[in-house]
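Below, chain A is the first sequence line, B the second, and so on; all start at residue 1.
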Amino acid sequence: MFERKVAIVGYAMSDQADRIEDTREGMIFDTVRAALLQAGITRDQIGTVVMCSNDFYDGHTISNAFTVEPAAAYAKDETKVEQDGMHALLYAAMRLASGNYDVALVVAHSKGSEFEAQVALSAQLDPTYDRQFGWFNDISMAAFQARAFLDKKKLPEEVLAQVAAKNFANARKNPKAKARDYSAAAEAIARSKPLFTPLREQTVYPVTDGCCVAVLAAEPKARKMKNKPIWIKGIGHWQEAYALSERDLTKMESAKKAAKRAYKMAGVTQPAAEIKVAELSEHFAHQELQLAEALGLCEGTSAAKNLEAGRFGLKGKLPINPSGGALSACALGTVGLVRAVEAAQQVLGEAGEHQVKGVKLALAHGQCGPAAQNNVVAVFGK
Amino acid sequence: MSEKKFFRVPSLVTMPCAWSVGPFLDRFYAELGQKKIVGTRCPKCRTVFVPPRSVCGACWKPLTKWVELKDQGELVNYTVAHVDMRGAALQTPRILGMVKLKGGGAKVTAIYGEIKGVAPDRVKVGMKLAAVWADEPKGELTDLSYFQPVSK
């Protein structure tokens, strides 16, 4: 439980697509400036800055040393996490809850057009054994999880294309998403290029460029800002074993535990009924189904049945990823913060064409590590 | 992708590194050179970790008991690779498996290995497999060349 409540009081995001014309610094500066303008604050009101990126993505060690200026962190308390933007949001919220600062800036960014994503991601694996095989990257690791889940639930591979089809259809209403002009035909997705079975090109995140910024404030300051505060009602974080062979890949135990903590803090006892929209970091199509189950968002026990019944669609009872999710745009390390900002926009009624009606509580999820080893879940509300 | 071309500057260096595998994997690799597969057992939960780990994360116990596994086991998970690690299409798809070896009791962590001798569309979880060893093992990962179905 936080000693002081913390809210999102401003946000901005760049297109989550290829931005070859931009440097990282330019993309960060433009997005941070837009967020401060949107929040109605000046740079001197910011107490602390938490960035999220990854040195391997940036090709640059301690890469935040180089992004201090565009991120408005010059001559301020600033740090960086290398996990996901949701982790940066968690740490920024803790800094505010501590009472040391009133306003925090959370800045997540990466430029997938500048690094070889699967080489950089393979660097998260054990160098002394796993990497020595020369096969393993983020996709082949997740493929084992997909196989375990489909087999356990006796689901055909086509269900993965159905998840992507729903999300691509949603992305057509999201001008920021790379997949805004993708075909949303499940049959075509199911025939997209096979990578590591059962995963295919269109059931795996498309690596993009992108920056996302959230302005956080603690009470009482949060109530005096220009925008209505969207409170972090609850937040939870959990790790599980690194090695796939030491986990039950049919479940997402760490996401389940993270959600349990978030729900307890938020006073949510019936998530499937109380949460009105969920933005999940489904880096791979099967993970959306696994997360829906782990986070208790299903009616009954099968996410696939909920999906088939349209319950997770934009007009369903509990829309999942109305923005199109990570399958529609994925600036690595930025994805979770995009989910948090999307969730806040849903509560504010500012989500534009993909707005869900009457959202009181919205959920956002972020992850990192091979096959979603590490998960953060947050619940947002007025 | 954008059609516009922007000037790019390349990285002038790569980052060479050679990791010490430590005493546990050192023994594991050495035993592979004798066509043996070894792991370590947790004194509390009895899980056998293959390859050997030095600590059980769940029990937070140091692992000191060595176990030799059989070079046969069961396929518990797999993926068929149509691309390589960097995304280039493979001429022939490869089956990458997780194999639970016999000889360590009920709780043994699966080991990675390539599966050969079965078509990608015929591979099944639960298949019985046997290791195929290099003719002249050298104490390296590639000593265990691949797994193939046990002939009946």
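- For L244(A), the parts lying near chain B are the backbone and the side chain together; criterion is any non-hydrogen pair under 4.5 Å.
- For R247(A), no part lies near chain B; criterion is any non-hydrogen pair under 4.5 Å.
- Residue with the most contacts toward chain A among P120(B), G22(B), A81(B): A81(B) (heavy-atom pairs, distance under 4.5 Å).
- A cation-pi arrangement is found for R27(B) relative to W66(B), the charged atom lying closer than 6.0 Å to the ring centre and inside a 45° cone about the ring normal.
- Chain A forms the most heavy-atom pairs under 4.5 Å with one residue out of V76(B), L25(B), V80(B), and that residue is V80(B).
- Of the residues K102(B), K100(B), K128(B), K124(B), the one that meets the salt bridge (charged side-chain N to carboxylate O under 4.0 Å, His left out) test with E74(B) is K128(B).
- Of the listed residues (T142(B), V83(B), I111(B)), the one with the most heavy-atom contacts under 4.5 Å to chain A is V83(B).
- Highest contact tally toward chain B, considering only A241(A), P127(A), P198(A), A17(A), is held by P127(A) [criterion: heavy-atom pairs under 4.5 Å].
- No close placement of the F196(A) and H82(B) rings is indicated, their centers lying 6.0 Å or farther apart.
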As a quick check of understanding, evaluate side-chain contact (heavy atoms from CB on, under 4.5 Å) for C368(A) and Q373(A), giving each step before the final call. CA-CA 6 Å; C368(A) 67; Q373(A) 178 190 4; over 6 Å; no
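- Taking the six-membered ring where tryptophan is involved, the planes of Y29(B) and Y129(A) are tilted, since the angle between them lies from 30° to 60°.
- For chain A, the nearby parts of E114(B) are the backbone and the side chain; heavy atoms of each come within less than 4.5 Å.
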Under the side chain to side chain donor-acceptor pair (under 3.5 Å) rule, what do T61(A) and D55(A) come out as? Steps first, then yes or no, please. CA-CA 5 Å; T61(A) 60; D55(A) 286 356; 5.4 Å; no
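- Here N137(A) is the residue among T208(A), D130(A), N137(A) with the most heavy-atom pairs under 4.5 Å with chain B.
- When heavy atoms are compared at a cutoff of 4.5 Å, L96(B) approaches chain A by way of both its backbone and its side chain.
- For S20(B), the part sitting under 4.5 Å from any heavy atom of chain A is the backbone (N, CA, C, O) and nothing else.
- Annotation: maximal heavy-atom pairing with chain A below 4.5 Å, among A89(B), S11(B), G113(B), occurs at G113(B).
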I would like to know whether K80(A) and S63(A) meet side chain to side chain donor-acceptor pair (under 3.5 Å); could you show each step before the answer? CA-CA 9 Å; K80(A) 177 180 110 177; S63(A) 63; 2.7 Å; yes
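- For V125(B), the part lying under 4.5 angstrom from a heavy atom of chain A is the side chain only.
- If you measure heavy-atom distances from Y78(B) to chain A, the contacts under 4.5 Å come from both the backbone and the side chain.
- Only the backbone of D84(B) comes within contact range of chain A, judged by heavy atoms closer than 4.5 Å.
- Using a 30° and 60° split on the angle between ring planes, F115(A) and Y57(A) fall in the parallel class, below 30°.
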Derivation of the ring-ring contact (aromatic ring centres under 6.0 Å, His included) call for F149(A) and H286(A): CA-CA 8 Å; F149(A) 175 70; H286(A) 67 279; 7.0 Å; no
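- The existence of a salt bridge linking K256(A) and E293(A) is excluded, since no basic side-chain nitrogen approaches an acidic carboxylate oxygen closer than 4.0 Å.
- With a 4.5 angstrom heavy-atom cutoff, Q132(A) touches chain B via backbone and side-chain atoms both.
- When heavy atoms are compared at a cutoff of 4.5 Å, E240(A) does not approach chain B at all.
- Most heavy-atom pairs under 4.5 Å with chain B, from the set T128(A), D126(A), D151(A): that is T128(A).
- In this pair, H87(A) and H237(A) present their aromatic rings perpendicular. The plane angle is above 60°, beyond the 30 to 60° band.
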